[in-house]
Amino acid sequence: MLTPIDEIISKAIDAASDDLRKLSLLIHGHPELALKEEKACAALTKYLKESGYAVEHGAGGLDTAFVATHGEGGLTIGFCSEYDALPGIGHACGHNLIAIAGVAMFLATVEVAKQCRLPAVVKLFGTPAEESVGGKVAMLKEGVFDGCDLLMMLHPTAGYSGMWHSQCSLSMQIEYFGKAAHAALDPWDGVNAGSAATIALNTLGVLREQLKPSWRMHGIITSGGQAANIIPDYSCIEYTIRTQWERELEVLRARVLNAFESAALATGCTHNVTEELAYLDNQDNSVLGKMYEEIMQKEYGGEPVRGVGASSDFGNLSHRFISLHGMYELAGNHVPNHTKEFTRDAATVKAHERTLFAAKAMACIAARCMVDKDFWERVRKDFDQRKAV
Ligand SMILES: [Zn+2]
Ligand SMILES: [Zn+2]
């Protein structure tokens with residue numbers, strides 16, 4: 001038996017389902033990489049404007065970011081949509097579904113506020129570049145989320161969870177500059193930048209002995225030389241480090257930067273490190289997370305997923321705002337993210353239906369925050385306690 005508010009939410013999302021399916025397939029069929037999500041951003045903002053909402057483009061100085069806003073007074077509740085794809089394998093993280101989940105939660109929450117005459121500001125944040133440079137981190141720095149009381153988003157994965165402690169993550173690009181020479185005629189005149197990249201990765205390999213089990217280091221050489229008979233004058237590594245907590249990230253960062261520097265010293269190269277914005281760990285809220293997991297467990301059974309190793313720029317928001325990053329299983333077959341199978345499943349009707357169910361669950365939680373003062377008080381307390389740790 002649904003409560004009247006649950007029914008408002010369910011009806012609002014079901015009414016939008018066909019439009020959302022079209023948006024999802026359009027985004028899935030035209031995978032766009034980080035900060036180039038023009039089609040996705042245009043389609044989502046067109047739909048929101050045609051539905052009567054005020055939309056601000058270019059939020060936080062990012063061309064493909066947006067904010068839709070409705071209402072005034074009361075709590076300010078924001079939802080996040082993502083819509084960037086991965087190189088080579090398209091929407092293998094299901095961000096086409098995260099895009100429409102955000103819209104669905106936004107529409108349903110607006111409908112609850114309207115029909116129940118509740119004062120509330122409801123926002124939908126279009127947040128680009130989750131897979132690479134961290135659009136949310138840039139938007140956070142520019143104050144785009146200022147004034148929010150609660151931020152929520154959904155993500156498909158291989159199971160459900162309302163308490164996902166993601167890893168801190170820092171990506172960097174390391175370039176080595178040497179001197180080219182003929183590898184047989186006068187190799188002694190060369191300074192081998194390719195060797196610097198090799199030594200750097202070997203040094204990091206040795207360092208692994210002292211990593212905590214929850215830490216990760218991974219990377220690739222994106223440029224190691226042009227031909228076997230030329231001593232390479234340039235090489236480039238893309239590298240990511242991850243830790244469980246923010247304070248550990250600084251420790252690991254210092255060690256890998258030393259390793260990169262030592263490779264330059266050993267080979268006589270110069271080097272340059274470009275660091276991306278760090279993603280922080282996701283600080284879950286146990287009151288919100290528990291309510292989410294109860295709804296998901298009732299529908300799907302099984303146990304919630306704990307301790308998944310991955311990172312999200314939503315983590316940075318969770319350090320500043322009360323938040324819920326809800327995970328749900330994409331298609332019920334435990335397929336992992338970032339695989340071709342995940343891309344395939346992200347376009348199925350089943351995944352669409354599961355996305356909308358999870359969006360309804362999240363909107364019910366947002367509605368409870370608006371109407372149940374005791375519940376909201378417990379949510380706030382949980383957040384304050386976590387911050388004090
Ligand atoms: Zn991903
Ligand atoms: Zn993702």
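Read the numbers this way: they start at 1 and go in the same order the structure lists the ligands and their atoms. Bear in mind the structure is a predicted one, so any value in this text is a computation, not a measurement.
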**Message:** When you compare the side chains of His325 and Asp284, does any donor N or O come within less than 3.5 Å of an acceptor on the partner?
**Reply:** no
**Request:** Check the side chains of His319 and Asp281 for a donor-acceptor pair under 3.5 angstrom, ignoring hydrogens and angles.
**Result:** yes
**Message:** Could you identify the N, O or S atom of His95 positioned closest to the Zn ion (ligand 2)?
**Reply:** NE2
**Request:** Please find out if less than 6.0 Å separates the ring center of Tyr234 from that of Phe177.
**Result:** yes
**Message:** Between Arg378 and Asp374, does any NZ, NE, NH1 or NH2 come within less than 4.0 Å of an OD or OE carboxylate oxygen?
**Reply:** no
**Prompt:** NE2 (His155) to the Zn ion (ligand 2) to SG (Cys93): angle, nearest 10 degrees?
**Reply:** 100°
**Request:** For the Zn ion (ligand 1), find the closest N/O/S atom belonging to Glu131 and write down its atom name.
**Result:** OE2
